[in-house]
Every structure is written in structure tokens, then in C-alpha cells.
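One structure is given here, and the rest of the page talks about it.
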Amino acid sequence: MVADERRDLLTAAEMLSAADRVAVLTGAGISAESGVPTFRGEGGFWRGRSAMELATPGAFASDPKDVWEFYRFRIAGLADVRPNDGHRALAALEPRYEKFWLVTQNVDGLHRAAGSRRVIELHGTLAETRCRSCAYRCASADLPADPVPLCPDCDDLLRPDVVWFGEQLPPEALEGADEAVRECQVMLVVGTSGVVEPAASFARWARSRGAGIIEVNLEATPISEVADVTLLGPAGAMLPKLLELCG
Ligand code: BV8
Ligand code: ZN
């Protein structure tokens, strides 16, 4: 292990060991080693169209068949993915803190699969599908095979239970994230490019009230500017090392 990595890991471990209220914010990067394509890496494209363009109410209204093909492809892909050592390290960290929040932008369900309990799914989940109009919802695995599945209760279109660009975040998730930002002494930010709002601002808001910020990413991001320490490397390797040093 190179000297600066060792030094940075020790700094991060000291911050986490001294805290009793810790928030974690994760993005697609923590699931990359499980084989889930990230949003802005090469995996962020599907049949030449960007995920950003497909993950919108407008795309769904104008071409629900195409958007459903994109989501069915991703839902099917989740059947073969498993949590990696990064997810597991965060699950192992959780019980050490009286107050712990795992705020994720990911919709792949891998944090819960790894055993994390206090998970806040900011952008919803691919595991569930809901009606565009009424309260009907079902497990995505139980969807009828129709190219554009319809609600059995009101006949409107069913849609994945994720938050699209331009849509409000679920109020209870926002409240949980807001509490995490307000109360944490340390925020650990893992595998996010720091582009999508409001999650991209959480680290800056937490820091402005005095929280320490630790970032884990393959490369520098806008969040690096507010981080006390940035651990450059894959989450699946860095998080277990960090956990080990936290004693
Ligand atoms: C909202 C669910 C109020 C869907 C997702 C200005 C102009 C226009 C719009 C806006 C604006 N300001 C704010 C907005 C609105 C918009 C937004 O932020 N736009 C951005 C693009 C500018 N935000 C919203 O619409 C949000 N709603 O704000 O409501 C409102 C309403 C209307 C108008 C204004 C305000 C809702 C956003 C939710 C979108 N839904 N997902 C789906 O999945 O299909 S977001 C999507 O991006 C995923 O959830 C993903 O997780 C997320 C964020 O991306 P990242 O997680 O960061 O992933 P990314 O690929 O970008 O980066 C991966 C990172 O991992 C990289 O840094 C890489 O280096 C690193 N990495 C890779 N491998 C590893 C690794 N790190 C460690 N280890 C590795 N092995
Ligand atoms: Zn309905």
C-alpha cells in the first residue's frame, strides 16, 4: 500500500472512530464491481440512448414501450448481481454507530441484500413497479410480459418505482436524507460523480455545518473539493481496508 494511501486511510479511520453519528451517501460506483453499469460510464448507454434521456417522464409519455424495454433489461440484469465487498463493509459498519444513515442513489437493492438496514433509497427501487395514477403496486419480478404493462385496477400504465429526472424525490426519503445531513458528524461519500441534485449537494451542506467528509472514488469529483480526505481506489477494496482500520 503506498504511503499516501495508508496515511489517508488512517485519517479517514480516525474520523470514523471518533464519531458516533455517521452518514453514508452512495452512488452507482459502489455497485460497479457487482457488474451493475454506472450511469455515466460506458454502461450509461442503452442502444445508443443515454440513461439520462430515458429516465424521464417525458420519455415514458412519448415512448413507454422503449422505456419499459430499458427498465426490463435492467430489472432482468439485477437477477444475476450480488453485493460486493464494498456493500458488505458498509453493512458491517452500521451496528457500530448509535445513529447511522445509508443514503443511496442506487436503485439496485444491493445494500439491503448485503444486510444494511438503515437504507434510504433516494431514487426509489427497480424491485418495485407502481401505477402511474392509483395506489396499485407490485414486485417488478411479477410483472406481466406485456411490452407496456397496465394497471389491473385502473388500466393506466404501470411504471418502475424509481425517481426520474424532473420528478420530486419521495418525501420520506428526503426527510431521512435531511436528518442525515443535519445530524451526522462524518459523511462517507462512495462512488458518485456528484452531478445529480439534490444528492450532489449533501456533502457540501453537511460540511457547512461542521461534519467531516470522506470520499471514496476512482477519480476526483466535485465532491473532492469539500472532502477532508479522498481515498482513490475501488470501493470494493478501499471500504474493507477502512473498516479494518476502524478497529
Ligand atoms: C429533483 C433513478 C426537484 C432512475 C436517478 C439543473 C438543470 C436541470 C435539472 C436540474 C438542475 N438541477 C437539478 C436538476 C434536476 C435533476 C438533476 O440533478 N439533473 C442533473 C443531471 C443536472 N434532479 C432531479 O430531477 C431530481 N429531482 O431535483 O426534484 C426538481 C424537479 C424539477 C426541476 C428541478 C428540481 C431527481 C434525480 C433522480 C434521477 N434518477 N436514478 C434510474 O436509475 O433509472 S439518478 C441516477 O444518477 C442514478 O440513481 C445514479 O445513481 C445517479 C447519480 O449518478 P451516480 O450514482 O453518481 O453515478 P455515475 O455513473 O454518475 O457516477 C459513478 C461514479 O462512481 C463515478 O464518479 C465513478 O468514478 C465512480 N466509480 C466507478 N466505479 C467505481 C467508482 N467508485 C468507487 N469504486 C468503483 N469501483
Ligand atoms: Zn392504477
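Each ligand, and each atom within it, is numbered from 1 in the order the structure gives.
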Any donor-acceptor N/O pair, [X] side chain to [Y] backbone, under 3.5 Å:
X    : Y    : value
S133 : D156 : no
R209 : V181 : yes
Y97  : L16  : yes
Q185 : D20  : yes

Out of [options], indicate the one that has the non-hydrogen atom closest to [atom].
atom                    : options                : answer
atom 63 (C) of ligand 1 : G191, G27, G166, S31   : G191
atom 51 (O) of ligand 1 : N217, N106, V36        : N106
atom 44 (O) of ligand 1 : Y71, F70, W164         : Y71
atom 1 (C) of ligand 1  : H123, E167, Q168, E121 : E167
atom 71 (N) of ligand 1 : G124, G29, G233        : G29
atom 52 (C) of ligand 1 : M52, E215, Q105        : Q105
atom 78 (N) of ligand 1 : A235, P222, A220       : A235

At less than 4.0 angstrom from any non-hydrogen atom of P234, what atoms of ligand 1 do you find?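 By the 4.0 Å cutoff, the relevant atoms are 78 (N), 80 (N).
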Given the ring of W164, does R159 sit roughly above its face, with NZ or CZ under 6.0 Å from the centre of the six-membered ring and within 45° of the axis?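 Geometry flag: set, cation within 6.0 Å and 45°.
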Contacts of type side-chain contact (heavy atoms from CB on, under 4.5 Å), residue A28, not counting sequence neighbours: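 By the side-chain contact (heavy atoms from CB on, under 4.5 Å) rule, A28 matches T38, N106.
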Within a 6.0 Å radius of atom CZ on R117, are there more than 12 heavy atoms belonging to other residues, nucleotides or ligands?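 At most 12 heavy atoms, drawn from other residues, nucleotides or ligands, come within 6.0 Å of this atom.
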For E167, does the CD atom sit with more than 12 other heavy atoms under 6.0 Å from it, leaving out its own atoms?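 Yes, enclosed.
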Look at the rings of Y71 and W68 and say which category their plane angle falls in: under 30° parallel, 30 to 60° tilted, over 60° perpendicular.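 Geometry flag for W68 against Y71: perpendicular rings.
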Heavy-atom distances under 4.0 Å decide this one: backbone, side chain, both or neither, for [X] against ligand 1?
X    : value
A32  : side chain
L169 : side chain
V107 : side chain
M238 : neither

Could you tell me whether T192 and ligand 1 have an N or O pair separated by under 3.5 Å?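 N/O-N/O distance below 3.5 Å exists for this pair.
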Is the shortest N/O to N/O distance between V216 and ligand 1 below 3.5 Å?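 N/O-N/O distance below 3.5 Å does not exist for this pair.
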Pair R204-E225, salt bridge (charged side-chain N to carboxylate O under 4.0 Å, His left out): steps then yes or no: CA-CA 9 Å; R204 191 161 26 84; E225 289 151 32; over 6 Å; no
Near the Zn ion (ligand 2), which protein N/O/S atoms are found at less than 2.8 Å?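 C131 SG, C134 SG, C151 SG, C154 SG, with waters left out.
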Could you check if a side-chain atom of L239 sits within less than 4.5 angstrom of a side-chain atom of I30, using non-hydrogen atoms only?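 Sidechains of I30 and L239: in contact.
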Are V189 and I214 grouped together when hydrophobic residues (ILVMFWY) are joined by side-chain heavy atoms under 4.5 angstrom apart?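 As far as the 4.5 Å side-chain criterion goes, I214 and V189 are not connected within one cluster.
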Qualifying residue for side-chain contact (heavy atoms from CB on, under 4.5 Å) with L102, from I120, T26, V22: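 Answer after filtering I120, T26, V22: T26.
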